[in-house]
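Values in this document were obtained by computation on a predicted structure and should not be read as measured data. The chains referred to below are lettered A, B, ... by the order of the sequence lines, with proteins before strands, and numbering in each begins at 1.
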Amino acid sequence: MSLLQFIGSLIAVTIVALIAARMFPNSKSKLTRDRVIRNTARYCPHIDLGSTAPTIFMSETGDTAILAFPNRNDGFAFTTALGDRVVVREVNDTSQLRIKKIETGLSIDMHDFTQPTLTIILQSKDCQALLTALQNHSPDQPEPAHA
Amino acid sequence: MLDLPAPTQLAVPAFTILILAEMIIGWKNGRARYEGKDTMTSMLMGLGSTVAGALTATFYVGLAYWVWTTFQIFDFGAAWWVFVLAFVLDDFAYYWFHRLSHRMRWMWAAHVIHHSSQHYNLSTALRQTWTGAFTPAILIRMPIFMIGIEPAIVFFCAGLNLLYQFWIHTEAIDKMPRWFEYLLNTPSHHRVHHANNPRYLDANYAGVFMVWDRMFGSYIPERKEEPCRYGLVTDLGTFNPLRVAVHEWVGIFSDIWSAKRWKDRALFLLAPPGWTPDGSRMTSDMIRNAWLERENAKKKNTGRKDKSTVAAE
């Protein structure tokens with residue numbers, strides 16, 4: 001493959017992706033409570049989400065949410081909108097989190113190569129409640145292996 | 001050395017046109033769905049895979065010709081029937097390569113890229129690995145060279161095989177005629193292969209001929225009542241092509257680094273994805289078994305409820 005072919009291919013890729021983005025806009029990209037619960041149930045089928053509405057900290061940007069499992073010892077589900085799809089990570093007592101308080105909310109690093117740092121924008125009251133919940137859920141031991 | 005064309009390279013313009021055609025069909029009738037960043041990632045992975053393939057081609061072709069000239073049992077020549085034989089044998093080898101790519105983490109590290117999109121459309125077909133050269137995949141085709149088929153013929157047939165597999169990455173086609181579904185790989189069969197529903201995990205590895213899956217017990221039909229959901233059992237939270245390309249390798253190295261026994265280090269490479277010494281993560285077999293248990297428990301509960309309802313009535 002020559003450099004010219006490579007550059008040509010790169011331009012073609014960009015054009016096709018732009019056409020895709022134009023023809024299929026992400027109208028469903030925002031998270032809703034229902035969407036968070038549905039996807040958490042799908043990714044964490046072993047967790048009983050119970051019949052009562054679970055606590056969900058929803059980012060004001062609508063692209064991140066943290067669901068606290070009804071039994072706090074079970075942990076949390078971190079939900080992010082990725083394009084028009086949803087990605088969930090289960091955070092349990094072996095997960096290592098690095099939580100940083102930022103001006104508008106929290107920045108959370110999950111030590112996960114496939115999940116970049118998650119930023120959740122919250123009102124200060126909710127932010128404090130989430131921070132307390134996450135800190136109370138401190139890991140017993142560091143996760144020894146890749147998630 | 002026979003000078004044969006590379007079918008996949010010649011087909012690149014057709015791939016682009018067909019992707020655009022599928023987008024228009026999907027936009028009109030909703031039977032195909034695209035997402036800009038996902039499409040960008042898939043196509044960049046395809047481009048990267050072509051570059052990686054070009055960089056390692058000399059080594060691979062050299063090795064294949066060395067094996068062929070050194071160990072060949074027969075001299076088949078280049079008659080038309082040798083191409084037919086090579087196509088069938090290569091498809092058989094592809095089945096086992098593909099099955100191993102799902103059942104051995106070392107090979108999964110390269111193949112996982114192809115399954116990392118939550119979408120299923122023609123651009124997903126182009127989402128290919130950059131790191132296939134770092135796996136033992138080439139060894140699977142060696143017996144074909146050793147029986148005496150010239151590597152150029154095998155590589156040409158492998159190209160045709162990949163070409164065939166392009167069109168089956170679509171939701172725009174529901175089912176093909178029954179005889180076709182029985183004999184050949186189709187969009188329906190391959191949707192099951194890309195699905196992460198526990199029922200569908202690790203099934204339908206065929207390239208072209210579906211007979212291999214039927215023979216070796218890995219065939220699962222698509223069920224209308226359970227639509228396929230696409231992606232990995234733990235989906236990637238990024239579109240970054242570099243992270244997509246190497247994430248499983250990073251995981252393997254991290255696991256091997258922290259393993260305490262040599263046996264565990266070896267198994268982190270050779271055991272199925274999700275294997276851990278302490279069972280703290282789940283393999284696809286464990287996921288399917290857990291799902292079956294939940295389904296059986298649900299059925300039992302429903303049965304009990306039905307009985308109690310009848311009793312109450």
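- Residue contact with chain A, scored on non-hydrogen atoms closer than 4.5 Å, is absent for B/S42.
- Two residues are said to be in side-chain contact when any heavy atoms from C-beta on lie closer than 4.5 Å; A/L82 and B/K37 fail this criterion.
- No side-chain heavy atom of A/T114 sits less than 4.5 Å from a side-chain heavy atom of B/V244.
- The parts of B/L44 that come within reach of chain A are both its backbone and its side chain, each placing non-hydrogen atoms under 4.5 angstrom from that chain.
- With a 4.5 Å cut-off on side-chain heavy atoms, A/V16 and B/M23 count as touching.
- Remark: A/D84 engages B/R33 in a salt bridge, criterion side-chain N to carboxylate O under 4.0 Å.
- Side chain of B/R243 to main chain of A/F113: a donor-acceptor pair is present (N/O by atom type, distance under 3.5 Å, no hydrogens or angles).
- Note on B/Y34, B/W291, B/F253: by heavy-atom pairs under 4.5 Å with chain A, the leading option is B/Y34.
- Both the backbone and the side chain of B/T238 have a heavy atom closer than 4.5 Å to some heavy atom of chain A.
- Using a 4.5 Å cut-off between heavy atoms, B/L126 makes no contact with chain A at all.
- With chain B as partner, the option from A/I15, A/L10, A/L118, A/V13 having the largest number of non-hydrogen pairs under 4.5 angstrom is A/V13.
- In this structure, chain A has no heavy atom under 4.5 Å from any part of B/V12.
- Contacts between B/A6 and chain A at a heavy-atom distance below 4.5 Å are absent for every atom of the residue.
- Looking at A/R85 and B/D235, their side chains never come closer than 4.5 Å, going by heavy atoms from C-beta outward.
- The closest side-chain heavy-atom distance from B/Q118 to A/V87 is below 4.5 Å.
- Nearest approach of A/A20 to B/T39, heavy atoms of both residues: CB-OG1, 3.7 Å.
- Rounding to the nearest 0.5 angstrom, the gap separating the NE2 atom in A/H46 from the CZ atom in B/R294 is 9.0 Å.
- When heavy atoms are compared at a cutoff of 4.5 Å, B/L20 approaches chain A solely by way of its side chain, counted from C-beta outward.
- Side-chain contact check for A/R89 versus B/T234: some heavy-atom pair is nearer than 4.5 Å.
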